Amino acid sequence: MRVVIAGQGYVGLPLAVRAAEVGHRVVGYDVDERRIKRLAVGESYVEDIPGERLRPLLEDGAYLPSADPADVAGFDIAVITVPTPLREGAPDLSYIEASARLLAEHLRPGATVVLESTTYPGTTEELLAPLLEQGSGLTAGRDFHLGYSPERIDPGNPVWKLENTPKVVSGTTPEGLAAVDGFYGQLVERTVPVSSCKEAELTKLLENTFRHVNIALVNELAMFAHDLGIDVWEAIDAASTKPFGFLRFTPGPGVGGHCLPIDPSYLSWRVERALGQSFRFVELANDVNSHMPDYVVRRLVEALNERRLSVNGSRILVLGLAYKKNTGDARETPAARVVELLSRMGADVRAADPHVVAGVHVAEPAVPGIPGQRTAAHDGGPLASVRRVEATPEELAAADAVVLLADHDEFDYDAVVAHSRYVLDCRRRLTGAGVEVL
């Protein structure tokens with residue numbers, strides 16, 4: 001089949017590559033021409049898709065990265081994997097809308113359109129379907145198939161990949177479900193059909209809200225435990241020995257990526273708009289997790305004060321700009337807020353991250369016709385201006401304080417402990433006399 005994947009980021013690129021590997025002819029469409037140029041020469045910006053996996057597909061024509069709307073024509077299946085950010089607390093579905101209008105121009109009877117972007121329940125049927133129908137003159141469920149399948153990509157996860165992670169699938173009709181299930185059944189080991197698109201949309205929000213709330217719980221507990229003089233990490237280790245009724249979550253400098261900082265708010269927004277009620281768990285979790293970078297800075301200020309140092313003028317080395325270990329994903333990373341606060345306070349901030357490459361790891365693509373959109377992840381932001389260095393023994397020794405935010409395996413942690421005067425470890429990766437754990 002001819003497959004179009006709209007959006008070639010952390011979700012769309014692995015999906016496009018996998019579809020090409022099983023025998024489909026795939027067009028990976030993205031409006032960010034910088035991405036397309038890199039992909040066209042076999043350069044991947046997603047760790048899960050190495051260039052060695054990408055280049056053979058390019059050579060035999062199984063995969064075509066393109067920014068040309070004309071290349072979308074003639075598709076049998078199209079999957080939308082574009083960002084769905086928040087704008088002033090409200091869902092911004094402009095990327096879905098732009099994709100729908102483009103696909104509608106080329107929609108043919110018998111084709112299938114699937115939405116993977118995370119969104120509130122009802123989006124597929126209430127927003128996407130009318131746009132496709134208006135632009136094509138066809139009717140969803142009668143002339144073409146429509147479905148929703150929430151993405152479950154975990155960037156940098158060495159165990160759970162697209163292929164072996166169960167895939168939830170849905171359709172607006174039984175025939176639509178069969179078409180969606182048939183497509184993904186070729187790509188993954190197991191599909192999980194659900195009765196409607198709304199259930200599938202809620203599934204994704206439930207998964208991320210569960211994590212968001214539990215991370216907020218341990219983050220707040222970590223703050224209180226520190227003030228009470230209790231080792232929260234030891235308590236978490238002990239609680240984790242219980243073989244039932246407990247799942248391990250650990251504190252950190254804040255949440256990042258698309259999922260946790262954004263997705264639960266989609267559910268909260270939908271509940272408030274549809275029912276006039278607040279989703280208190282989500283709002284509380286948002287408050288706790290969004291303020292964790294501020295707490296990290298507060299702990300660092302206290303540590304410097306104890307050493308008779310002021311933040312103003314101190315040299316601080318940040319290790320890890322990504323939101324999680326072993327990935328270049330800097331979307332919504334808490335490191336941006338930490339760097340911003342320290343810089344405002346007059347610190348000489350430097351950062352080391354072997355994965356996050358300036359100008360490569362983008363937060364979201366530009367949308368034609370929408371002014372003010374950024375293509376670079378942090379254009380004009382704190383991560384664009386922070387001085388980038390390598391975590392050499394000289395840099396470590398010169399820093400008044402080191403803050404470990406993302407514990408990439410590439411860092412030499414023995415050197416960090418040996419050469420640093422003080423380390424605030426937000427991931428519990430280090431031990432030593434000069435190390436303080438979040």
Side-chain angles (χ1 to χ4, degrees), residues 9-10 34-35 38 43-51 153-158 252-261 292-293 296-297 300 314-343 347-364 374-417 419-420 422-430 435 438:
Y10 287 93
R34 292 180 303 174
R35 280 183 170 182
R38 289 178 63 89
E43 293 182 6
S44 174
Y45 40 79
V46 174
E47 289 84 358
D48 297 338
I49 304 296
I153 296 293
D154 186 18
N157 192 320
V255 295
H258 182 281
C259 293
L260 300 192
M292 283 307 292
V296 170
V297 172
L300 185 59
S314 289
R315 184 162 161 173
I316 298 174
L317 176 60
V318 173
L319 299 182
L321 297 177
Y323 85 90
K324 61 177 294 187
K325 65 184 292 186
N326 298 338
T327 175
D329 196 344
R331 295 173 298 173
E332 306 296 331
T333 174
R337 176 67 175 168
V338 172
V339 169
E340 178 185 20
L341 290 174
L342 291 173
S343 298
D348 175 10
V349 184
R350 306 175 183 212
D353 193 305
H355 290 277
V356 177
V357 180
V360 173
H361 296 95
V362 296
E364 56 198 32
R374 300 177 293 165
T375 53
H378 298 284
D379 284 349
L383 297 194
S385 57
V386 67
R387 181 174 178 180
R388 300 293 292 273
V389 298
E390 294 185 9
T392 61
E394 293 76 17
E395 282 289 343
L396 293 165
D400 296 300
V402 176
V403 187
L404 178 61
L405 296 180
D407 54 331
H408 300 311
D409 290 339
E410 287 85 345
F411 289 134
D412 184 345
Y413 291 106
D414 290 336
V416 173
V417 173
H419 299 285
S420 303
Y422 167 77
V423 181
L424 178 58
D425 179 4
C426 299
R427 299 293 183 177
R428 200 204 189 189
R429 185 70 182 248
L430 307 171
V435 176
L438 187 66

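We're numbering straight along the sequence, starting at 1. Predicted, not measured: the structure shown is a model, and the values here were computed from it.
Across Tyr45 and Arg38, no two heavy atoms sit closer than the pair CD2-NE, 4.0 Å. In this structure, Thr327 and Ala322 approach most closely via the heavy-atom pair O-CB, 3.1 Å. The nearest pair of heavy atoms linking Gly156 to Asp48 is N-OD1, 3.2 Å.
A 4.5 Å side-chain heavy-atom check between Pro334 and Met292 finds every atom pair outside the cut-off. Residues Arg388 and Val356 are in side-chain contact: their nearest non-hydrogen atoms beyond the backbone lie under 4.5 Å apart. Two residues are said to be in side-chain contact when any heavy atoms from C-beta on lie closer than 4.5 Å; Val297 and Val338 meet this criterion. Contact annotation: the side chain of Glu390 never approaches that of Glu395 to less than 4.5 Å [non-hydrogen atoms, C-beta and beyond].
With sequence neighbours excluded, the residues satisfying side chain to side chain contact (heavy atoms under 4.5 Å, CB included) with Ala391 are Leu319, Ala352, Phe411.
Remark: side-chain polar atoms of His408 are not paired, donor with acceptor, to backbone N or O of Lys325 under 3.5 angstrom. Remark: side-chain polar atoms of Glu47 are paired, donor with acceptor, to backbone N or O of Gly328 under 3.5 angstrom. Asp400 places no side-chain N or O within 3.5 Å of a backbone atom of Ile316 that could act as its donor or acceptor partner.
A salt bridge links Lys324 with Asp154: the distance from a Lys NZ or Arg NE/NH1/NH2 to an Asp or Glu carboxylate oxygen falls below 4.0 Å.
Between atom CG of residue Leu321 and atom NE2 of residue His355 there is a gap of 11.5 Å, rounded to the nearest 0.5 Å. The CG atom of Leu404 lies 10.0 Å from the CG atom of Leu317; values are rounded to the nearest 0.5 Å. Considering CG of Leu383 and CG of Asp353, their distance stands at 9.5 Å, rounded to 0.5 Å.
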In residues 422-429, what donor-acceptor pairs under 3.5 Å come from side-chain atoms, sequence neighbours left out?
unit_1	atom_1	unit_2	atom_2	d
Tyr422	OH	Glu436	OE1	2.6
Asp425	OD1	Arg427	N	2.9
Asp425	OD1	Arg428	N	3.0
Asp425	OD1	Arg429	N	3.4
Asp425	OD2	Arg428	N	3.3
Asp425	OD2	Arg429	N	2.5
Asp425	OD2	Leu430	N	2.7
Arg427	NE	Leu405	O	2.6
Arg427	NH2	Tyr323	O	3.4
Arg427	NH2	Leu405	O	3.2
Arg428	NH1	Asp237	OD1	3.1
Arg428	NH1	Asp237	OD2	2.7
Arg428	NH2	Asp237	OD2	2.7
Arg429	NH1	Asp407	O	3.1
Arg429	NH1	Asp409	OD1	3.3
Arg429	NH2	Asp409	OD1	3.2

